[in-house]
Amino acid sequence: MIQIKNSAQIALMREAGRITGEAIVLAGEAVKEGVSTKHLDDIIHDHITKCGARPSFLGYGGFPGSACISVNDEVIHGIPSKNKILKEGDIVKIDVGAFYKGFHGDSCNTFAVGNVSDEAKRLIEAAKTSFEAGIKMAMPGNRLGDVGFAIESVVRKYGFSVVRQYVGHGIGKDLHEDPNVPNYGTPGHGVKLCKGMALAIEPMVNAGTHEVYVLPDGWTVKTKDGKLSAHYEHTNILTDDGVISTTKVN
Ligand code: MG
Ligand code: MG
């Protein structure tokens, strides 16, 4: 069932979102060659707990990190590790959730480590611009298919593919709520959007095939062809006056 948020709940979600967004910015500033993904995770954990919040992902289904940190052909759910050291040319996805006063924020951004390939730059751009195209369609009266179609249309123009096996989601008191928010769809189809809905919209964009698989660690999702993947996500609340992206801090 889709949970509609009232104004008091939206205010709390904005606080959870701000903490989430700040943690990503701080970790992003620390991205450089020689840094471990565990170091980034520590920065995120410190910021979230310092704010009086809790990392949403820590212990979720047994996940061992505070953030999901995925490098290059890892799409999502990478486990932070002190043995995973960033190197020049990598792209790193930092996906963070924070739980504060009963509500979650969820956001992800993809960062370049030093100089990256032109394809990597275009991939990062495609994830962000497809998100923005999706957000433009996220308004009361439209349907989820309008959002997904807008996202996939942009990604296809770049010549890339959207992951289909994993999708965005409703968010609020629970990290994952109804409805599913696919990054593909048919205009005019799907759940009708209305004010008070909170949706994590999160294009996962692959340079090659959309197909993915899970590593034996049970978490890390990788592209099947070993090509790069980028991810961009914000938590968004639909209002009559437009969309509030709670996790956008800059
Ligand atoms: Mg996320
Ligand atoms: Mg999410």
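In what follows, residues are counted from 1 in the order of the sequence shown. Counting starts at 1 for both ligands and their atoms, in listed order.
The distance from the Mg ion (ligand 1) to the nearest N/O/S atom of D106 is under 2.8 Å.
Under 4.0 Å is where a charged nitrogen must lie from a carboxylate oxygen, and between K84 and E74 at least one such pair does.
Between the side chains of H169 and E202, at least one donor-acceptor pair of N or O atoms lies under 3.5 Å.
Minimum-distance N/O/S atom of D95 relative to the Mg ion (ligand 1): OD1. Its N, O or S atom nearest to the Mg ion (ligand 1) is what matters here, and for E233 that atom is OE1.
Using the six-membered ring where Trp is involved, Y232 and H234 have ring planes that are perpendicular, over 60° apart on the 30 and 60° scheme.
Rounded to 10°, the angle that OE2 of E202 and NE2 of H169 form at the Mg ion (ligand 2) is 90°.
Between Y60 and H104, the gap from one ring centroid to the other reaches at least 6.0 Å.
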